[in-house]
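Input: a single structure, listed below in structure tokens.
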Amino acid sequence: MNSFHVVQWIDGHLRMLDQRVLPHEEVFIDYTSAEETARGIRDMVVRGAPAIGCAAAFGVVVEAFRIAASGIPSSWPQAMAPGLRALEESRPTAVNLRWSLERMRPLLVSTPPGDVPQRLLDEAQAILREDHAACLQMGRFGARVLPDTPGRPLTIMTHCNAGALATGGVYGTALGVIRGAVDAGRAVRVIACETRPFLQGARLTAWELLKDGIDTTLITDNMAAHLMSQGLIDVVVVGSDRVAANGDAANKIGTLGHAICASRYRIPFMVVAPLSTVDRNAPDGSHIPIEERPMTEVTHIGGVRTAAPGVKVRNPAFDVTPAELITWFVSERGAMEHPTREKMRLLFLG
Ligand code: MRU
């Protein structure tokens with residue numbers, strides 16, 4: 001199994017794999033301030049909810065080392081406020097971003113001032129290690145409840161990229177379940193949806209799974225319903241950017257259509273996400289902010305304009321799948337069948 005250097009701490013700075021140019025080039029970019037890191041997150045150098053959370057944590061670390069280089073400030077919270085704000089505002093839907101900043105923030109006051117940068121670094125490293133462990137757990141739990149397909153391989157459809165590239169670099173969430181199934185000895189085939197407009201499925205999921213030697217077939221998003229209607233998909237497995245307290249789950253635009261279709265053809269629909277993706281302050285999906293991204297992502301493909309000049313454009317980057325359409329919600333605590341508000345509440349009691 002490959003691991004990917006999505007977010008690394010190297011020689012005193014943050015290094016991230018530039019996911020915008022994959023699969024054609026493997027380029028790394030170094031970051032030395034929170035402002036730059038926030039730009040990297042907004043421009044999708046790094047993307048995927050847990051990966052954004054890890055990047056933001058290290059963005060806080062580089063900012064602290066940058067500030068400390070010209071002397072320990074009299075107030076860490078005050079000195080760090082602009083950087084924290086830039087990170088917080090970089091992308092609105094993935095709640096892991098806020099979750100990881102909320103883990104870092106109290107350390108600015110609870111740590112002796114001279115030790116703050118190193119303490120923040122320890123915490124960011126812990127977030128990354130926990131992410132790896134959670135992905136491996138989710139992979140095992142999810143794989144156990146995949147449908148049986150006696151005598152033939154299991155065909156799993158996925159959308160966007162919820163793989164190692166979308167997390168701390170190991171296993172992934174939805175792709176972690178696929179890897180968990182492969183590791184458990186199952187014969188698996190993957191149908192990867194292209195994922196317009198940013199093409200995370202075509203560029204990232206296909207690249208990542210092929211590197212692991214997993215049988216992967218690419219389709220455009222509008223082919224999914226046809227394949228489901230033909231009985232060619234056994235299960236749909238996706239990640240999430242924010243799961244509300246009632247189990248509604250936001251994920252890459254297009255996921256909702258797949259969920260509705262899966263329900264129509266009685267295909268199990270699995271959402272895989274760590275607890276850091278659950279927003280207990282969002283009572284249901286209507287409280288999840290949906291990011292609108294630049295219109296050039298829709299009007300252009302690979303830098304070439306395909307849309308008629310002057311046309312109006314919408315580019316919501318996420319949609320919300322209601323809990324009632326979700327067959328399994330898999331976290332590092334286990335696999336929950338048909339999530340409800342009450343089951344989600346119990347999840348946090350241990
Ligand atoms: O816009 P992106 O590429 O950040 O969107 C990513 C997704 O929608 C993923 O499915 C989600 O973050 C889960 S990643 C484990």
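Whatever order the structure lists ligands and atoms in, that order sets their numbers, starting from 1.
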Between ligand 1 and the protein, find all N/O pairs closer than 3.5 Å and give the distance for each.
residue, atom, partner, partner atom, Å
ligand 1, 1 (O), Arg91, NH1, 3.4
ligand 1, 1 (O), Arg91, NH2, 2.9
ligand 1, 1 (O), Lys252, NZ, 2.7
ligand 1, 3 (O), Arg47, NE, 2.8
ligand 1, 3 (O), Arg47, NH2, 3.2
ligand 1, 3 (O), Gln200, NE2, 2.8
ligand 1, 4 (O), Gly48, N, 2.9
ligand 1, 4 (O), Arg91, NH1, 2.8
ligand 1, 8 (O), Asp241, OD1, 2.9
ligand 1, 8 (O), Asn251, OD1, 3.1
ligand 1, 8 (O), Lys252, N, 3.2
ligand 1, 10 (O), Asn251, OD1, 2.6
ligand 1, 12 (O), Ala49, N, 2.8
ligand 1, 12 (O), Asp241, OD1, 3.1
ligand 1, 12 (O), Asp241, OD2, 3.0

Problem - Side-chain H-bond candidate by donor/acceptor type, Asp131 with Tyr171, under 3.5 Å - result: no
Problem - Note: Glu102-Arg105 ion pair, threshold 4.0 Å (strictly below) - result: yes
Practice task
Using a strict cut-off of less than 4.0 Å between a Lys/Arg side-chain nitrogen and an Asp/Glu carboxylate oxygen, indicate whether Arg189 and Asp234 qualify as a salt bridge.
Solution key: no
Exercise for the section: Report yes or no: do Asn161 and Thr205 form a side-chain donor-acceptor pair below 3.5 Å? Expected result: yes
Exercise for the section: For residues 98-147, pull every pair meeting ring pair (Phe, Tyr, Trp, His ring centres under 6.0 Å), keeping only residues two or more places apart or in separate chains. Expected result: none
Exercise for the section: For Arg15 and Gln8, test the side chains for any donor-to-acceptor distance below 3.5 angstrom and give the result as yes or no. Expected result: no
